[in-house]
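Basis for what follows: all heavy atoms, side chains included, without hydrogens, waters or symmetry-related copies. Proteins get letters first, then strands, A, B, ... in listed order; numbering begins at 1 in each. Keep in mind the model is a prediction, meaning the values are calculated, not measured.
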Amino acid sequence: MAEAKVRAMRGRGPAMMGPKPKIEKGTFSRMFKYITKNYKISFFVVIICIIISSITNVWGMASLKDVIDGYITPLLGTQNPDYGPLLKTIFKVACIFATEVVAVFIYMRLMATISQSVLRDIRNDLFRRMQKLPIRFFDTRTTGEIMSLYTNDTDTLRQMLSRALPDLISSAITIVSALVAMLKISVPLTGFVLVFTLLTTLIVKTIVKKSSKFFVSQQESLASVNGYVEEMINGQKVIKVFTHEDKAKEEFDVLNTKLNSDMYNANRFSNSLMPIAGNLGNLQYVCVAIVGTLIALASANPVEYIGSIVIFLNLTKTFSRPVTQIMNQFNSIIVALAGAGRIFKVIDEEPEIDEGNVTLVNVEKDGENFKEVDHQTGTWAWKIPNEDGTFEYRELKGYIELEDVDFSYDGEKQVLTDVTLYAKPGQKIAFVGATGAGKTTITNLINRFYDIQDGKIHYDGIEIKQIKKDDLRQSLGMVLQETNLFTGTIKENIRYGRSDATDEEVIEAAKLANAHSFIKRLPNGYDTMLTDNGAQLSQGQRQLLAIARAAIANPPVMILDEATSSIDTRTEKLVQDGMDKLMEGRTVLVIAHRLSTVRNSKAIMVLDHGKIIERGEHDFLIDQKGTYYQLYTGAFELE
Amino acid sequence: MVSTRDNMFRKLSKFIGEYKLPTIITPILVALEVIMEVLIPLVMADLIDKGIYAGEMSTVYKLGLQLVILALFSLCFGATNGFTAAKASAGFAKNLRKGLYHKVQDFSFANIDKFSTASLVTRLTTDVSNVQQAFQMLTRIMVRAPFMSIVAFVAAMKINASLAIIFVAVIPVLAFAIFKIISKAHKIIQATFRKYDKLNNVVEENVNSMRVVKSFVLEDEETEKFEEVSETICNNFITADKRMALMPVVMDTAVYTCVLLVAWLGAKIIVTQSPEAIANGTAALTPGELMTLISYSIQILMSLMMVSMCSLMLTTAKASADRIVEVLDEESDIKNPENAVTEVKDGSIEFNNVSFSYVNDKDRLCLKDVDIKIKSGETIGIIGGTGSGKSTLVNLISRLYDVTEGSVKVGGVNVREYDLTTLRSEVAMVLQKNVLFSGTIKENLRWGDENATDEDLIRVCKLAQADEFIQGFPDKYDTYIEQGGTNVSGGQKQRLCIARALLKKPKVLILDDSTSAVDTKTDAMIRTAFREEIPNTTKLIIAQRINSIEDADKIIVLDDGMINGFGTHEELLKTNAIYKEVYESQTKGSES
């Protein structure tokens with residue numbers, strides 16, 4: 001069993017990681033666009049400063065050599081040495097170095113602003129787009145997957161922007177300038193260095209390739225160990241109850257040993273990368289020295305040639321250092337670009353389509369006509385544009401009609417077939433049926449979390465596709481099975497339903513939802529901070545807040561998904577009362593789990609495999625002795 | 001402070017275990033590599049001075065060969081220490097992870113409650129990774145950098161002691177400046193990372209509650225909230241990074257000051273010497289040596305910067321190490337007794353004046369003076385409001401917690417005297433917050449009994465009314481359960497958990513609100529099956545619904561940690577106000 005579990009755990013890992021980080025084409029240039037869009041001038045200055053600093057660095061070091069060769073050596077043996085020229089050169093070198101320091105300081109500071117701002121822009125674009133994505137996007141991904149865009153991927157990007165990018169630029173500049181200088185001295189020797197560098201690169205590449213394979217399996221093993229730890233610790237109490245500790249240890253040890261060997265292999269190669277590259281550089285140095293001296297001795301004017309060989313030797317050092325540096329960072333750049341690619345992919349996701357042009361407005365009733373006003377009146381109307389540019393107003397009443405609706409989440413498996421129903425203003429319609437019968441799906445369609453494939457849904461006689469999505473959703477209240485609260489005070493959470501509600505309105509809504517009495521007893525009352533999805537409240541109390549939140553929005557149509565979780569009897573009664581008050585006077589579509597809710601509905605829809613198999617009032621359905629009767633008498637689970 | 005840190009090192013170093021050899025060899029190899037790296041530029045200088053400038057091909061070959069040999073050694077030492085460091089750190093991490101995990105396995109419920117699940121997971125994952133990184137840093141970079149500066153300093157001293165003194169003057173100033181800058185920037189970065197948590201929190205809430213956000217049309221408000229935090233993070237990081245920009249300024253200024261000072265003072269020394277001294281090698285300083293001194297000064301200062309960077313990273317790892325040591329130091333408060341009883345005679349249960357507090361505080365008791373006797377084979381219902389102590393009461397029977405006062409007996413023997421495995425196999429518990437693990441249904445069920453045959457599995461599933469729906473799955477008993485059991489319904493999950501417990505063939509079976517999502521008819525069928533198939537097992541059933549317990553032999557009504565009533569359904573209806581109230585509120589809904 002241990003083996004089987006290990007296999008299962010392992011099976012889950014790779015799907016997430018992918019075999020190798022793939023980089024979409026254009027990822028780099030796209031990231032570059034973020035820089036050039038808003039920070040063109042700063043970035044230009046940065047590049048100039050990097051160039052200045054690279055040049056001054058090489059120049060300064062070279063001048064220092066001059067100090068020794070050109071000024072110290074001639075002074076040797078002189079009686080009263082004149083230190084004037086020496087002091088002057090040292091001062092000159094000091095100036096060069098000072099320039100370098102200033103240039104570095106300027107570009108580091110500018111780069112700090114650029115990289116962090118670019119990161120902020122990318123982050124904001126990502127979030128803004130995420131808010132506009134259809135529910136399908138969230139339903140098909142785990143929270144962890146989406147979160148990792150904001151954590152892991154942004155983090156690697158941050159490191160790349162603030163560290164790797166400036167290094168890359170300065171390395172490139174150093175390499176190019178060293179190459180030019182080397183070519184000027186000797187073309188064949190430069191050729192030799194290039195061949196050697198190519199060889200080094202090939203060796204390093206082989207190692208990187210080898211280690212990246214192990215890095216992937218290390219990440220997988222780590223994910224599976226961490227996943228296993230998480231699952232086991234979450235079930236730790238069950239482990240205790242079943243005295244399963246030894247088994248749990250055994251399984252863990254298998255995964256842990258695998259992680260150990262993957263980790264060893266991955267780090268073994270990456271650790272030895274730098275020594276190998278560095279010492280290949282030393283080898284190259286020796287070869288150049290030998291070949292160079294041989295050429296010099298064979299040449300017509302050996303003494304002069306030897307001087308340039310020495311300079312050339314120093315240049316090869318300047319050349320190969322940034323080359324190894326780039327190689328060393330190559331892995332992290334790949335990882336960062338892969339992360340950026342994932343982020344851009346989400347930014348490129350298609351947002352929710354909204355072609356609706358019917359809006360919801362406040363109106364004042366003037367006999368039969370409506371007058372649009374810009375303040376709260378309590379009366380709402382749909383503003384329907386006519387073709388000639390005029391508008392027609394239709395009062396918001398809450399009449400919902402579904403006509404032959406077909407729906408499938410994936411285009412293959414039909415979830416709803418030919419669903420037809422209507423809910424007149426103020427009516428309560430209950431949906432009952434087994435898990436997977438399609439109850440929740442119906443509610444997902446009315447607020448257009450998903451769009452139907454066939455059939456029509458009308459709201460007050462208007463096809464919902466013509467209504468602007470925001471306005472449609474504002475006119476629909478939702479209380480979901482799972483209560484989601486936000487970090488913030490209780491007041492803020494209730495105000496989620498309507499952001500301009502006054503404190504009095506908040507309290508009124510809480511009273512209606514039966515939440516007022518428990519809120520009042522909290523030490524900070526309505527200003528109590530909720531964190532972690534309201535973890536400090538009981539399940540029932542959280543439901544009461546969700547009801548208050550829906551109540552303050554005061555929509556004409558409510559969609560309710562009753563919670564199934566068991567709460568203690570007293571709170572349950574409060575929740576039920578709150579729900580009942582919320583439903584009063586509204587069109588209500590309810591996924592019912594409580595018999596009392598079902599019974600006093602105007603119409604009950606019994607769903608089975610996406611079809612309405614029975615419909616009618618409670619008494620009628622009981623008399624039919626069909627599925628509803630069996631559900632009601634407890635023969636089936638009411639879920 | 002110091003002593004606790006020593007303590008931490010001692011505790012953590014125990015986990016090096018069988019990887020002592022690579023752990024000790026790594027720093028030695030690093031040191032050897034450093035020596036090679038210091039020697040190589042010396043030979044290079046010679047190669048230029050004595051070989052190339054002199055045009056002596058034989059010297060070029062000789063020194064070239066020396067250089068190649070040194071490079072090969074350096075390569076060898078470098079690559080090997082890469083290998084040994086990987087071996088040691090991966091091994092250390094393995095042992096540490098194992099040690100922690102095994103420790104947690106031995107935790108009691110009280111220990112688990114103390115840490116919370118989420119924090120335990122962080123300690124076993126993120127914190128271990130942090131400490132592992134620190135470990136590798138300690139064996140490599142933290143050896144390399146200080147050693148490098150020492151060797152370079154010694155070499156510089158050998159060339160010219162008076163010039164090398166310059167470093168002694170510059171180093172402390174520099175070290176202080178660098179440390180100041182980094183620690184200040186580090187503080188800002190740490191604070192910013194806490195802001196990051198806030199950002200992640202906004203994202204996570206939005207992802208989890210997208211339906212709420214969309215249905216209240218609050219996308220724009222949430223975006224505003226996000227961008228506000230995002231802006232703060234951006235500004236804080238800019239401040240930190242700008243401060244970090246001072247680093248190369250200080251660093252370079254120090255390096256160049258050293259270099260120029262060495263050049264100027266060195267020049268004076270060289271010039272005052274006779275050319276003959278330089279030629280015959282008796283001079284205190286030659287031009288070539290001056291150049292070498294300059295490269296040493298760069299090496300020393302660079303290494304110092306590395307040291308200060310690393311020590312800051314180590315402070316972050318220290319926080320992780322502290323959290324790990326906290327877990328390691330935690331003593332499980334429930335231990336197997338010596339000469340433990342390994343047989344449970346029957347399923348009788350006795351509570352003798354039991355009081356219990358989760359925090360071991362007599363003023364904050366969750367159970368007060370509970371005194372109850374249950375005969376073997378009886379079915380007992382337990383009812384009461386949230387926080388009345390129902391779960392606490394049953395947890396004491398299988399000794400998941402130890403009583404604060406009084407005693408609990410099972411089969412006539414105090415639970416403290418039993419071998420824990422014996423006790424917990426005979427007292428099967430179906431927890432309120434129950435968990436299925438990723439794996440097939442079969443694998444999950446066999447938690448109850450590893451050696452159960454397929455027939456056994458089917459038998460208990462029939463008892464728990466689970467066989468029917470399992471047979472309905474395409475893969476039947478081999479159906480794969482996702483982590484957390486998300487691919488079965490709540491009622492199905494509960495029935496699987498009951499079946500799993502039944503497989504133990506226990507003498508006592510406890511159901512802690514385990515049929516709340518099961519429909520009333522199936523619930524009744526389960527109870528009937530219990531009565532008929534396992535009549536000798538004592539059954540304790542906690543429930544919210546009265547109809548789940550009304551046919552029990554006796555019912556316990558708990559209120560505020562005390563027994564409010566104990567009797568049959570009929571008796572309680574007559575005598576117990578709480579019971580009556582609950583009964584009425586539940587029946588009113590479905591009968592009126």
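Residue A:Leu476 touches chain B through its backbone alone, counting heavy-atom pairs closer than 4.5 Å. Looking at B:Lys504, only its side chain comes within 4.5 Å of chain A, counting heavy atoms on both sides. Interface residue A:Leu294: backbone and side-chain heavy atoms are both found under 4.5 Å from chain B. Heavy-atom distances place both the backbone and the side chain of A:Asp470 under 4.5 Å from chain B. Only the side chain of A:Asp139 comes within contact range of chain B, with heavy atoms under 4.5 Å apart. With a threshold of 4.5 angstrom between heavy atoms, B:Leu63 does not approach chain A through any atom at all. Using a 4.5 Å cut-off between heavy atoms, A:Ser261 makes no contact with chain B at all. When heavy atoms are compared at a cutoff of 4.5 Å, A:Phe138 approaches chain B solely by way of its side chain, counted from C-beta outward. If you measure heavy-atom distances from B:Asp220 to chain A, the contacts under 4.5 Å come from the side chain alone. If you measure heavy-atom distances from A:Tyr496 to chain B, the contacts under 4.5 Å come from both the backbone and the side chain. For B:Asn200, the parts lying under 4.5 angstrom from a heavy atom of chain A are both the backbone and the side chain. The parts of A:Ala248 that come within reach of chain B are both its backbone and its side chain, each placing non-hydrogen atoms under 4.5 angstrom from that chain. For B:Val255, no part sits under 4.5 Å from any heavy atom of chain A, backbone or side chain. For A:Ile90, the parts lying near chain B are the backbone and the side chain together; criterion is any non-hydrogen pair under 4.5 Å.
Residues A:Pro275 and B:Ser74 are not in side-chain contact: their nearest non-hydrogen atoms beyond the backbone lie 4.5 Å or more apart. Between A:Phe97 and B:Thr253, every side-chain heavy-atom pair lies at or beyond the 4.5 Å cut-off.
Between chain B and the residues A:Glu352, A:Lys132, A:Lys469, the largest count of heavy-atom pairs under 4.5 Å involves A:Glu352. Your options are B:Arg500, B:Lys214, B:Met429, B:Lys268, and the one with the most heavy-atom pairs under 4.5 Å with chain A is B:Lys214. Options B:Glu37, B:Arg243, B:Glu221, B:Glu222 differ in how many heavy-atom pairs under 4.5 Å they form with chain A, and the most are formed by B:Glu222. Among A:Lys317, A:Lys237, A:Arg158, A:Met111, the residue making the largest number of heavy-atom pairs under 4.5 Å with chain B is A:Lys237. With respect to chain A, the highest number of heavy-atom pairs below 4.5 Å among B:Leu120, B:Thr239, B:Val203 belongs to B:Val203. Interface check for chain B: of the options A:Ile233, A:Asn267, A:Leu133, A:Val229, the most heavy-atom pairs under 4.5 Å are formed by A:Ile233. Between chain B and the options A:Ile106, A:Val93, A:Val104, A:Asn444, the largest number of non-hydrogen pairs under 4.5 Å is found for A:Asn444.
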Practice task
Report the C-alpha separation of B:Met36 and A:Asn279 in whole Å, then their side-chain angles, then the decisive distance to 0.1 Å, and conclude whether the side chain to side chain contact (heavy atoms under 4.5 Å, CB included) test is met.
Solution key: CA-CA 11 Å; B:Met36 294 303 130; A:Asn279 285 303; over 6 Å; no
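Put simply, CE on A:Met274 and CD on B:Glu33 are 10.5 Å apart, with the number rounded to the nearest 0.5 Å. Between atom CG of residue A:Asp246 and atom OG1 of residue B:Thr421 there is a gap of 7.5 Å, rounded to the nearest 0.5 Å. For the atom pair B:Leu246 CG and A:Arg109 CZ, the distance stands at 7.0 Å (nearest 0.5 Å). Here the CG-CG distance, from B:Asn95 to A:Asn260, works out to 8.0 Å after rounding to the nearest 0.5 Å. Note that CG of A:Asn484 is 8.5 Å distant from CD of B:Glu205, once rounded to the nearest 0.5 Å. Atom CG of A:Asn265 sits about 8.5 Å away from atom NZ of B:Lys87, to the nearest 0.5 Å.
Between B:Phe83 and A:Tyr264, the two ring planes are perpendicular [angle over 60°; tilted spans 30° to 60°]. In this structure, A:Tyr150 and B:Phe226 have perpendicular ring planes: the angle between them is above 60°, well past the 30° mark.
A salt bridge links B:Glu231 to A:Arg120: one of the charged nitrogens lies within less than 4.0 Å of a carboxylate oxygen.
B:Leu75 and A:Ile276 make their closest contact through CD1-CA, 3.3 Å (heavy atoms, listed as atom of the first residue, atom of the second, distance). Contact detail for B:Val207 and A:Met130: the closest heavy-atom pair is CG2-CE, 3.9 Å.
In this structure B:Phe77 satisfies the ring-ring contact (aromatic ring centres under 6.0 Å, His included) test together with B:Phe73, sequence neighbours excluded. Among residues two or more places apart in sequence or in another chain, the ring-ring contact (aromatic ring centres under 6.0 Å, His included) test is passed with A:Tyr285 by none.
Side chain of B:Arg97 to backbone of A:Asn256: no donor-acceptor contact under 3.5 angstrom is found. Within the 3.5 Å criterion, the main-chain N or O of B:Ser438 finds a donor-acceptor partner in the side chain of A:Glu231.
Under the side chain to side chain contact (heavy atoms under 4.5 Å, CB included) test applied with B:Val104, the options A:Lys249, A:Gln236, A:Glu245 reduce to a single match, A:Gln236.
For the residue pair B:Gln136 and A:Asn271, a side-chain donor N or O sits within less than 3.5 Å of a side-chain acceptor on the partner.
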